[in-house]
Amino acid sequence: MSSAVLFDAPGPKTVARHRIYTLLAALGLLGVLAFVVWKLYSEDQLTYAKWEPFITPRYLNALLEGLLTTLQMAFTAVLGAVVVGVLLGVGKLSEHGWVRWPSWAVVEFFRAVPVLLLMIFVFYSYGISRGDSGAYWSVVIALMLYNGAVLAEIFRAGVLAVPKGQAEAAYAIGMRKTQVMQIVLLPQAVKIMLPAIISQCVVALKDTSLGYAVAAPGLTIVGTRIYTSFQNQVPTVIVIAAMYIAVNFLLTLLATYLQHRLVGEKSPLDVTNVANMQGGANTGGAI
C-alpha cells in the first residue's frame, strides 16, 4: 500500500534555505556550549581539585556501587510494576463492574500522585524505622505503584490494539475468555507494548534519583556525599547526569532493537505488521 504524500519535495532554493537554517542552528548550539564552558571556567568549576574525586578509586567505586544499586532499585520496581500493570490492565478490561471500577480508581489515583510525595509517604509510614533498607524499599514501592498504574494503561491499550478478528476466531473455536486473554491477546499485545514498556523502564530509572529525599542508597545520595565533602556541586551533577544518560541511552537502543526484532514496524503503536505476521487481521490463522 502506497503512503500518502503530505508535502511536495523541496526545491533547490528551499534545500539551500534549510541548509542555512541548519548551519545557523549548529553555530548557535556551539555558541551556547562555548558560553557554558567559559562560565564554568570563570567560576573555577573546571579546576583539577573539583574533578579529582571522579578519578580517585575510592569515590569512583562508590559511584559505580551507587549506579548498581540504582539499577537494582529500578529493575525490582519495574518487575513489580509489570505484575501490578497486568492485573490492573486486565481488571480495567473486565466486564464485571465490581472489578473494572476499583481497577480504574486505583490506576487513576496512582497516576495522579507525584512520585516524590509517594516515596515520602511510604518512607514515613513504613521505612523510617528500617534505615537504608526502609529507604530502599520506599523508593521501590513508590515506583512500582506509579509505574504499575502507567503500565496498566499500556497493557489495556495493547490488548485493544490487537485486531478483533483474533479474539472472535478464538471464541469461535470454543475458548473461554481467560484462555483468549492468556493464549491469544496477551502474547500479541506484548509485542506491541514492548517498546513502551522499556521506555517506562527509562522513566523508572530516572525517577530513582528522587530517592535522595528519603536518603535511599543510590547514585544521587553518593553524589550528595561527594559534593558535600568537596564543594563541587556542578562537576558532580555533570558526572551523575552523564551516567544516567549513558544507561538510558543503552535502554533506548535495547527498546529499538527489540521493537524491530520482535515486531518489525518502525512505530511502537503501529499494529498493521503484527496483524500481517499473525496471518491477517480478520482470520483465525494465528490461533
Side-chain angles (χ1 to χ4, degrees), residues 1-48 50-51 54-55 67 74 147 150-151 153-154 157-158 160-163 188-210 219-220 223 232-278 280-281:
M1 182 177 65
S2 61
S3 59
V5 178
L6 300 180
F7 57 90
D8 294 332
K13 291 184 178 179
T14 303
V15 170
R17 187 165 60 249
H18 287 174
R19 289 175 178 172
I20 293 175
Y21 294 157
T22 301
L23 179 61
L24 291 176
L27 292 175
L29 290 175
L30 288 175
V32 171
L33 180 61
F35 173 78
V36 170
V37 173
W38 172 79
K39 192 67 177 176
L40 291 175
Y41 177 79
S42 64
E43 297 292 336
D44 293 329
Q45 295 297 326
L46 299 180
T47 58
Y48 177 78
K50 292 192 175 183
W51 291 87
F54 308 113
I55 58 175
L67 177 60
N147 290 285
V150 175
L151 287 176
E153 285 296 293
I154 295 176
L160 294 178
V162 176
Q188 297 184 70
V190 165
K191 291 183 178 181
I192 302 171
M193 298 180 295
L194 198 55
I197 293 173
I198 298 181
S199 297
Q200 200 61 33
C201 293
V202 174
V203 174
L205 178 61
K206 292 190 297 183
D207 285 345
T208 58
S209 62
L210 299 175
L219 196 55
T220 50
N232 59 344
Q233 288 86 342
V234 174
T236 302
V237 168
I238 292 174
V239 170
I240 291 179
M243 296 176 74
Y244 271 108
I245 290 171
V247 175
N248 289 330
F249 179 70
L250 292 176
L251 283 176
T252 302
L253 292 179
L254 176 62
T256 303
Y257 170 78
L258 290 177
Q259 178 184 332
H260 292 165
R261 178 76 175 178
L262 298 179
V263 186
E265 79 274 4
K266 296 182 179 180
S267 173
L269 296 180
D270 181 8
V271 300
T272 54
N273 286 338
V274 176
N276 293 333
M277 289 164 55
Q278 300 296 336

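The first residue of the sequence shown is numbered 1, and numbering continues consecutively from there.
Expressed to the nearest 0.5 Å, how far OH of Y257 lies from CG of L250 amounts to 15.0 Å. Atom CG of L253 is separated from atom CG of L251 by 9.0 Å, given to the nearest 0.5 angstrom.
For Y48, the side-chain contact (heavy atoms from CB on, under 4.5 Å) partners two or more places apart in sequence, or in a different chain, are E52, I55. For L40, the side-chain contact (heavy atoms from CB on, under 4.5 Å) test picks out V36, Q45, L46, V234, I238, with sequence neighbours left out. Every residue two or more places apart in sequence or in another chain that forms a side chain to side chain donor-acceptor pair (under 3.5 Å) with N232 is listed here: T236.
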Side-chain donor-acceptor contacts of residues 197-207 below 3.5 Å, not counting sequence neighbours, with atom names and distances?
unit_1	atom_1	unit_2	atom_2	d
S199	OG	P195	O	2.9
Q200	NE2	N147	OD1	2.7

